[in-house]
Amino acid sequence: MSPDETVNADRVTAWEAVLTSLEQATVDDDPAPWREPTGLGPMPRGLAGRASRLLAAQRDRMATLDRDRRQALEHLGALRQVDATRAPQRSVYLDASA
(Lines give C-alpha, C1' and ligand atoms only; values in the text may rest on other atoms or scores of the structure.)
Protein backbone atom coordinates (compact mmCIF):
# COMPACT_ATOMS: atom_id res chain seq x y z
CA MET A 1 0.00 0.00 0.00
CA SER A 2 1.37 3.43 -0.92
CA PRO A 3 1.58 6.18 1.70
CA ASP A 4 -1.31 8.01 0.00
CA GLU A 5 -3.47 4.87 0.12
CA THR A 6 -2.63 4.39 3.80
CA VAL A 7 -3.59 7.98 4.63
CA ASN A 8 -6.81 7.60 2.64
CA ALA A 9 -7.65 4.29 4.37
CA ASP A 10 -6.99 5.88 7.77
CA ARG A 11 -9.26 8.81 6.87
CA VAL A 12 -12.05 6.43 5.79
CA THR A 13 -11.69 4.48 9.05
CA ALA A 14 -11.78 7.68 11.12
CA TRP A 15 -14.87 8.96 9.29
CA GLU A 16 -16.61 5.60 9.63
CA ALA A 17 -16.02 5.71 13.39
CA VAL A 18 -17.51 9.22 13.60
CA LEU A 19 -20.55 8.23 11.53
CA THR A 20 -21.07 5.10 13.63
CA SER A 21 -20.98 7.19 16.80
CA LEU A 22 -23.50 9.67 15.40
CA GLU A 23 -25.76 6.87 14.16
CA GLN A 24 -25.76 5.33 17.63
CA ALA A 25 -26.62 8.69 19.17
CA THR A 26 -29.77 8.92 17.03
CA VAL A 27 -31.19 5.77 18.65
CA ASP A 28 -29.88 6.14 22.21
CA ASP A 29 -32.28 7.48 24.83
CA ASP A 30 -29.45 9.40 26.50
CA PRO A 31 -26.63 9.90 24.01
CA ALA A 32 -23.22 11.11 25.12
CA PRO A 33 -22.53 14.79 24.53
CA TRP A 34 -21.25 15.42 21.02
CA ARG A 35 -17.72 16.63 20.55
CA GLU A 36 -16.61 17.95 17.20
CA PRO A 37 -14.00 15.63 15.74
CA THR A 38 -10.72 17.17 14.67
CA GLY A 39 -8.14 16.22 12.10
CA LEU A 40 -10.46 14.19 9.88
CA GLY A 41 -10.01 16.07 6.66
CA PRO A 42 -12.70 16.00 4.00
CA MET A 43 -15.23 13.20 4.13
CA PRO A 44 -14.52 10.47 1.57
CA ARG A 45 -17.04 10.44 -1.28
CA GLY A 46 -17.85 6.80 -0.63
CA LEU A 47 -19.42 7.77 2.71
CA ALA A 48 -21.69 10.51 1.34
CA GLY A 49 -24.73 8.21 1.08
CA ARG A 50 -24.27 7.03 4.64
CA ALA A 51 -23.92 10.64 5.84
CA SER A 52 -27.12 11.59 4.00
CA ARG A 53 -29.04 8.75 5.63
CA LEU A 54 -27.64 9.81 9.00
CA LEU A 55 -28.82 13.37 8.42
CA ALA A 56 -32.32 12.10 7.58
CA ALA A 57 -32.33 9.95 10.74
CA GLN A 58 -31.22 12.91 12.85
CA ARG A 59 -34.00 15.07 11.40
CA ASP A 60 -36.55 12.34 12.14
CA ARG A 61 -35.24 12.08 15.71
CA MET A 62 -35.47 15.86 16.17
CA ALA A 63 -39.06 15.83 14.92
CA THR A 64 -39.93 13.03 17.36
CA LEU A 65 -38.31 14.87 20.27
CA ASP A 66 -40.10 18.09 19.35
CA ARG A 67 -43.45 16.27 19.18
CA ASP A 68 -42.79 14.64 22.57
CA ARG A 69 -41.79 18.00 24.08
CA ARG A 70 -44.97 19.67 22.82
CA GLN A 71 -47.09 16.81 24.15
CA ALA A 72 -45.44 17.05 27.58
CA LEU A 73 -46.10 20.81 27.65
CA GLU A 74 -49.75 20.20 26.78
CA HIS A 75 -50.04 17.69 29.62
CA LEU A 76 -48.43 20.11 32.06
CA GLY A 77 -50.84 22.82 30.94
CA ALA A 78 -53.80 20.50 31.53
CA LEU A 79 -52.52 19.61 35.00
CA ARG A 80 -52.12 23.29 35.88
CA GLN A 81 -55.70 24.00 34.76
CA VAL A 82 -57.05 21.20 36.95
CA ASP A 83 -55.00 22.41 39.91
CA ALA A 84 -56.26 25.98 39.41
CA THR A 85 -59.89 24.87 39.75
CA ARG A 86 -59.38 23.39 43.19
CA ALA A 87 -60.67 25.42 46.09
CA PRO A 88 -58.13 26.20 48.78
CA GLN A 89 -58.35 23.67 51.58
CA ARG A 90 -58.41 24.43 55.25
CA SER A 91 -55.41 23.76 57.39
CA VAL A 92 -55.00 20.17 58.35
CA TYR A 93 -52.91 20.80 61.44
CA LEU A 94 -53.65 22.95 64.47
CA ASP A 95 -50.80 24.51 66.41
CA ALA A 96 -52.01 23.85 69.95
CA SER A 97 -48.75 24.93 71.60
CA ALA A 98 -48.97 28.60 70.61
Side-chain angles (χ1 to χ4, degrees):
M1 207 182 256
S2 74
D4 284 345
E5 290 174 325
T6 301
V7 168
N8 197 27
D10 290 345
R11 188 168 46 132
V12 168
T13 301
W15 269 101
E16 285 176 338
V18 168
L19 292 174
T20 298
S21 172
L22 290 171
E23 288 164 345
Q24 186 61 45
T26 62
V27 296
D28 285 348
D29 286 334
D30 191 16
W34 185 75
R35 297 199 193 322
E36 181 180 359
T38 58
L40 290 176
M43 185 178 69
R45 287 183 189 198
L47 297 175
R50 183 176 175 188
S52 293
R53 289 186 299 276
L54 172 61
L55 179 59
Q58 288 175 329
R59 286 181 176 153
D60 289 345
R61 178 73 169 162
M62 288 184 338
T64 299
L65 291 173
D66 188 54
R67 186 191 71 234
D68 292 348
R69 180 189 63 81
R70 278 187 272 117
Q71 187 176 29
L73 288 173
E74 289 172 7
H75 289 169
L76 284 172
L79 289 173
R80 286 186 184 116
Q81 287 178 348
V82 168
D83 196 39
T85 62
R86 293 185 181 161
Q89 296 180 353
R90 293 185 199 131
S91 298
V92 177
Y93 301 99
L94 174 63
D95 184 3
S97 64

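Just so it is clear, the structure is predicted and the values come from calculations on it, not from any experiment.
Among residues two or more places apart in sequence or in another chain, the side chain to side chain contact (heavy atoms under 4.5 Å, CB included) test is passed with D30 by none.
Cluster annotation: W34 is connected to L40 through the hydrophobic network of ILVMFWY side chains, with a link wherever side-chain heavy atoms come within less than 4.5 Å.
Taking both residues in full, the closest heavy atoms of W15 and G41 are given as NE1-O, 3.2 Å, listed atom of the first, atom of the second, then distance. The shortest non-hydrogen separation linking L22 to L54 is CB-CD2, 3.5 Å. Summarising the geometry of A48 relative to M43, their closest heavy-atom pair is CA-CE, 3.7 Å, with the distance given to 0.1 Å.
A salt bridge (charged side-chain N to carboxylate O under 4.0 Å, His left out) check over residues 9-23, counting only residues at least two apart or in different chains, returns the pairs E23-R50. For residues 51-60, there are no side-chain hydrogen bond (donor to acceptor under 3.5 Å, both in side chains) pairs, not counting sequence neighbours.
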